[in-house]
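Residue numbers count from 1 along this sequence. Model, not experiment: these values are computed from the prediction.
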Amino acid sequence: MTLSARITGLYVGKSEHLWQDKAPSAIRKTYREGPLELNELGFLEDEQADLKVHGGPEKAVHHYASEHYATWASEYPEQAHLFKPGAVGENIATEGLTEHNLCLGDVFTLGTAKVQICQGRQPCWKLVSHTGLSSLAMRFQKTGFTGWYYRVLEDGRVSVGDTMTLLERPHEDLVLADVIAARFNPRLDPALAQKLADIPELSGNWRKAFLKKTQAGYTENTDKRLKG
């Protein structure tokens, strides 16, 4: 199939102490035209504060669909001004690519680089602290409007205006929205959990999480992630 989208925004940021008595974060990003250098750990000008839960080869680049901002502006009208591309810590903004028309393992051009979708985002308390909206992290999770992460297959340079083009789709049956919904489903069918745990293109952390979901009686505690 033919699938492409123009990059409308690139965003990078540095780790900052943004909130008293809270861990530092690099969720506050700055718009850049580019070109930006990209390697297996992400954009050279970008930074992640806590490498245990952010960054690394399987969360090198975060992409968020700009279409979702209209939903959030409608849901939170008094804070509608907050919801614009770059607002939730993403590195890339586009229109035309969403969790519903992408699949796990999709490989795209990204400027002169090549990247692969390897997991969705797990929303956390930093979204709440960043926006001041106490329900936003849970709303991200319930809607599945989380965005997604890429691993970098080939280094390159990326600029606003570049066109991302789908090169490979190894798992057309694994729509990204469905994979994200499965990750947050506390009553996931163990057979589906095992199927997802066996997908080599999925990030290691998500494969481990799905493997746990194959165990009878397993319950995931999300309080620390969502509430901080």
Side-chain angles (χ1 to χ4, degrees), residues 1-15 25-49 51 53-69 84-122 145-172 174-177 179-180 199-207:
M1 65 174 295
T2 300
L3 184 62
S4 64
R6 179 179 175 272
I7 297 172
T8 56
L10 292 173
Y11 307 89
V12 294
K14 297 297 184 182
S15 177
S25 174
I27 194 171
R28 188 164 64 178
K29 305 293 187 185
T30 300
Y31 176 86
R32 294 291 306 276
E33 289 280 351
L36 299 179
E37 298 288 341
L38 179 67
N39 67 19
E40 66 174 1
L41 296 179
F43 290 110
L44 270 58
E45 295 186 29
D46 198 37
E47 189 172 286
Q48 293 81 32
L51 294 178
V53 294
H54 296 289
E58 295 189 321
K59 288 190 282 188
V61 181
H62 178 42
H63 189 162
Y64 198 72
S66 295
E67 292 92 327
H68 296 335
Y69 283 117
K84 54 188 177 181
V88 297
E90 70 266 40
N91 299 120
I92 299 174
T94 60
E95 293 186 358
L97 301 178
T98 75
E99 295 85 353
H100 288 274
N101 66 358
L102 297 171
C103 294
L104 177 66
D106 280 357
V107 176
F108 277 87
T109 60
L110 184 60
T112 61
K114 184 188 294 186
V115 296
Q116 182 175 47
I117 297 173
C118 56
Q119 71 167 76
R121 176 182 183 172
Q122 292 179 249
F145 291 175
T146 66
W148 56 93
Y149 284 102
Y150 297 107
R151 63 168 62 91
V152 178
L153 303 180
E154 294 181 7
D155 298 358
R157 306 178 81 192
V158 189
S159 298
V160 170
D162 288 345
T163 297
M164 300 183 62
T165 302
L166 180 66
L167 298 176
E168 302 173 32
R169 173 160 284 179
H171 298 291
E172 62 180 10
L174 295 178
V175 175
L176 186 59
V179 176
I180 291 169
I199 301 296
E201 290 84 1
L202 186 63
S203 71
N205 284 339
W206 275 39
R207 292 179 70 184

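Taking the side-chain hydrogen bond (donor to acceptor under 3.5 Å, both in side chains) definition, one finds that T109 meets it with nothing, sequence neighbours left out. In this structure S203 satisfies the side-chain hydrogen bond (donor to acceptor under 3.5 Å, both in side chains) test together with Q119, sequence neighbours excluded. Taking the ring-ring contact (aromatic ring centres under 6.0 Å, His included) definition, one finds that Y64 meets it with H68, Y69, F140, sequence neighbours left out. Remark: R28 pairs with E16 by the side-chain hydrogen bond (donor to acceptor under 3.5 Å, both in side chains) rule, at least two apart or across chains. Residues passing the side-chain contact (heavy atoms from CB on, under 4.5 Å) test with E201 are Q116, R151, P170, H171, I199, sequence neighbours excluded. Every ring-ring contact (aromatic ring centres under 6.0 Å, His included) that H62 has, sequence neighbours left out, goes to Y149.
The closest donor-acceptor contact from the side chain of N101 to the backbone of G96 lies under 3.5 Å. Counting only distance, with no hydrogens or angles, the side chain of S66 and the backbone of T94 share a donor-acceptor pair below 3.5 Å. When atom types are taken as modelled, the side chain of T8 and the backbone of A93 share a donor-acceptor pair closer than 3.5 angstrom.
Screening residues 29-41 for salt bridge (charged side-chain N to carboxylate O under 4.0 Å, His left out), with sequence neighbours left out, gives K29-D46, R32-E45, E37-R157. Listed by first and then second residue, the salt bridge (charged side-chain N to carboxylate O under 4.0 Å, His left out) pairs involving residues 97-117 are D106-R169, K114-E154 (not counting sequence neighbours).
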Begin from the C-alpha positions of N205 and E58 and carry the test side-chain contact (heavy atoms from CB on, under 4.5 Å) through to its verdict. CA-CA 9 Å; N205 284 339; E58 295 189 321; 5.7 Å; no
One pair to check against side-chain contact (heavy atoms from CB on, under 4.5 Å): N39 and L44. What are the steps and the verdict? CA-CA 7 Å; N39 67 19; L44 270 58; 3.5 Å; yes
Should I92 and L10 be marked as a side-chain contact (heavy atoms from CB on, under 4.5 Å) after you check the CA-CA gap, both sets of side-chain angles, and the distance that decides it? CA-CA 5 Å; I92 299 174; L10 292 173; 4.1 Å; yes
Determine, stepwise, if the pair F43 / L38 fulfils side-chain contact (heavy atoms from CB on, under 4.5 Å). CA-CA 4 Å; F43 290 110; L38 179 67; 4.0 Å; yes
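Side-chain contact check for W148 versus V179: every heavy-atom pair is 4.5 Å or farther apart. Between L36 and S159 the shortest side-chain heavy-atom distance does not fall below 4.5 Å. A 4.5 Å side-chain heavy-atom check between L97 and F108 finds at least one atom pair inside the cut-off. Using a 4.5 Å heavy-atom cutoff, the side chains of V107 and L166 are not in contact.
Residue K84 places its NZ atom among 12 or fewer non-hydrogen atoms of other residues, nucleotides or ligands, all under 6.0 Å distant. Within 6.0 Å of atom CD in E172, 12 or fewer heavy atoms from other residues, nucleotides or ligands are found, so the atom counts as exposed in its surroundings.
Considering CG of L102 and NE2 of H63, their distance stands at 7.5 Å, rounded to 0.5 Å. We find the CZ-CD1 distance between R121 and I180 to be 11.5 Å, quoted to the nearest 0.5 Å. Within the model, atoms CG of L3 and CG of L167 stand 11.0 Å from one another, a figure rounded to the nearest 0.5 Å.
Between V152 and A60, the shortest heavy-atom distance links the atoms CG2-CB, 4.0 Å. Of all heavy-atom pairs spanning E90 and Y11, the tightest one is O-CB, 3.2 Å. In this structure, A65 and T98 approach most closely via the heavy-atom pair CB-CG2, 4.1 Å. The two residues G42 and V61 come nearest to each other via the heavy atoms CA-CG2, 4.5 Å.
With 3.5 Å as the limit, one finds a donor-acceptor pair spanning the side chains of W206 and Q122.
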